[in-house]
2 protein chains.
Amino acid sequence: MSKEKIDTCKVSCIHEDLVAKVKKELLPNERIDDLQSLFKLFGDGTRLLILQALQICEMCVCDIAASLDMSPSAVSHQLRVLKGGRLVKSRREGKQAYYSLDDEHIEQLLDIGLDHISHQ
Amino acid sequence: MSKEKIDTCKVSCIHEDLVAKVKKELLPNERIDDLQSLFKLFGDGTRLLILQALQICEMCVCDIAASLDMSPSAVSHQLRVLKGGRLVKSRREGKQAYYSLDDEHIEQLLDIGLDHISHQ
DNA sequence: TTATCATATGAACAACTGTTCATATGTTCA
DNA sequence: TGAACATATGAACAGTTGTTCATATGATAA
């Protein structure tokens with residue numbers, strides 16, 4: 001948020017006050033791990049395509065696989081990962097398993113990401 | 001955005017109309033690759049900590065390394081990655097290289113991510 | 001110039017990840 | 001029940017990634 005201008009480091013290039021301040025404000029490891037896991041889910045093309053497809057419509061595994069030209073197995077593996085990360089949910093209807101988005105933040109993240117890459 | 005309710009797939013579990021529609025609407029590979037690269041940058045704890053530190057204040061490599069209890073080399077490697085992804089920029093001031101955030105979307109993405117993980 | 005410090009970079013290695021393949025589970029229908 | 005199909009899952013393998021270590025570059029000051 002606020003950017004402070006503190007001048008150059010004195011001791012071995014380390015500005016002690018700033019370092020102490022930053023150390024105190026950094027998120028705890030647990031939070032960082034959670035954030036990391038969340039963003040990793042978006043860091044794969046297959047998963048991004050699945051999420052984008054599910055933005056359009058709830059779909060079964062075979063439909064997703066056909067849409068992405070991938071094997072149902074590969075898609076199923078990734079759906080499992082996404083479900084573990086609480087990004088998608090599923091319901092059974094006969095033989096099919098229908099998947100849909102399970103989070104209101106997904107579209108926001110994708111939109112901001114798209115905004116970023118289209119602005120340069 | 002809009003979710004349409006189309007009923008169950010008929011042919012080998014594939015609902016052809018839906019698949020055709022989704023195939024048409026999915027982002028092209030190039031865009032997906034760009035998105036993937038962007039989110040991958042956020043999918044690592046070290047890089048997340050660096051970005052969070054730079055939210056607080058512009059910092060030199062040694063200060064970041066000290067704040068994160070990591071080697072300057074490891075930090076420098078990750079700064080290079082972040083710079084390649086246009087998330088940070090740097091300026092020289094004497095021996096030091098000062099890094100700062102180079103994108104208005106970073107804080108938005110981090111905030112939404114934090115919102116997600118704190119809501120469950 | 002030479003010494004020193006801050007940073008950058010290349011190689012190497014271990015750890016992680018995504019796909020494939022084989023197989024298992026679960027559901028429907030004959 | 002048994003056959004067919006949709007999905008799930010485990011093992012394995014190749015490709016990727018992040019750190020360390022050694023070394024190189026660039027800058028300042030003596």
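As the structure is a computational prediction, the values presented were derived from the model and not from experiment. The sequence lines fix the lettering, A, B, ..., with proteins before strands; numbering per chain opens at 1.
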Nearest heavy-atom neighbours spanning [X] and [Y]:
X: A/Ser90; Y: A/Tyr99; result: CB-CE2, 3.5 Å
X: A/Leu41; Y: A/Gly85; result: CD1-CA, 3.8 Å
X: B/Ala53; Y: A/Leu26; result: N-CD2, 3.9 Å

Open item on the list: Under 4.0 Å from OP1 or OP2 of D/dA8: is there any side-chain N or O of A/Tyr99 that close?
Closed with: yes
Among all residues two or more places apart in sequence or in another chain, which pass the side chain to side chain contact (heavy atoms under 4.5 Å, CB included) test with [X]?
X: B/His105; answer: A/Ile112, A/Asp115, A/His116, B/Asp103, B/Gln108
X: B/Ala74; answer: B/Met70, B/Ser71
X: B/Arg31; answer: A/Ile117, A/Ser118, B/Leu27, B/Pro28

TODO: Can you check each nucleotide of nucleotides 23-30 of chain C against protein heavy atoms at under 4.0 Å and return B for base, S for sugar-phosphate only, - for none, in 5' to 3' order?
DONE: ----BS--
Task: Any residue of residues 40-47 of chain A with a heavy atom less than 4.0 Å from an atom of DNA chain C - done: A/Lys40, A/Asp44, A/Thr46, A/Arg47
Open item on the list: Using the salt bridge (charged side-chain N to carboxylate O under 4.0 Å, His left out) criterion, which residues pair with B/Lys23? Sequence neighbours excluded.
Closed with: A/Asp69
TODO: List in chain and number order the residues that pass side-chain hydrogen bond (donor to acceptor under 3.5 Å, both in side chains) with A/Glu25, two or more places apart in sequence or in another chain; answer none if no residue qualifies.
DONE: A/Lys21
Grab the [atom1]-[atom2] distance between [X] and [N] for me, whole Å please.
X: A/Ile14; N: C/dC5; atom1: CD1; atom2: P; answer: 13 Å
X: B/Leu79; N: C/dT9; atom1: CG; atom2: P; answer: 11 Å
X: A/Tyr98; N: D/dA8; atom1: OH; atom2: P; answer: 13 Å
X: B/Gln36; N: C/dT17; atom1: CD; atom2: P; answer: 14 Å
X: A/Ile50; N: D/dT7; atom1: CD1; atom2: C1'; answer: 14 Å
X: A/Leu82; N: C/dT17; atom1: CG; atom2: C1'; answer: 14 Å
X: A/Arg91; N: D/dT7; atom1: CZ; atom2: P; answer: 12 Å
X: B/Ile64; N: C/dA6; atom1: CD1; atom2: C1'; answer: 13 Å

Open item on the list: Quick test of your reading: applying ring-ring contact (aromatic ring centres under 6.0 Å, His included), list the pairs with at least one residue in residues 59-88 of chain A, sequence neighbours left out, ordered by first then second residue.
Closed with: none
Task: Residue pairs fulfilling ring-ring contact (aromatic ring centres under 6.0 Å, His included) with at least one residue in residues 21-61 of chain A, sequence neighbours excluded - done: A/Phe39-B/Phe42, A/Phe42-B/Phe39
Open item on the list: Short of 4.0 Å, heavy atom to strand atom, which residues of residues 68-78 of chain B count as contacting DNA chain D?
Closed with: B/Met70, B/Ser71, B/Ser73, B/Ala74, B/His77, B/Gln78
Task: Pairs meeting criterion side chain to side chain donor-acceptor pair (under 3.5 Å) with involvement of residues 32-48 of chain A, two or more places apart - done: A/Arg47-A/Gln78
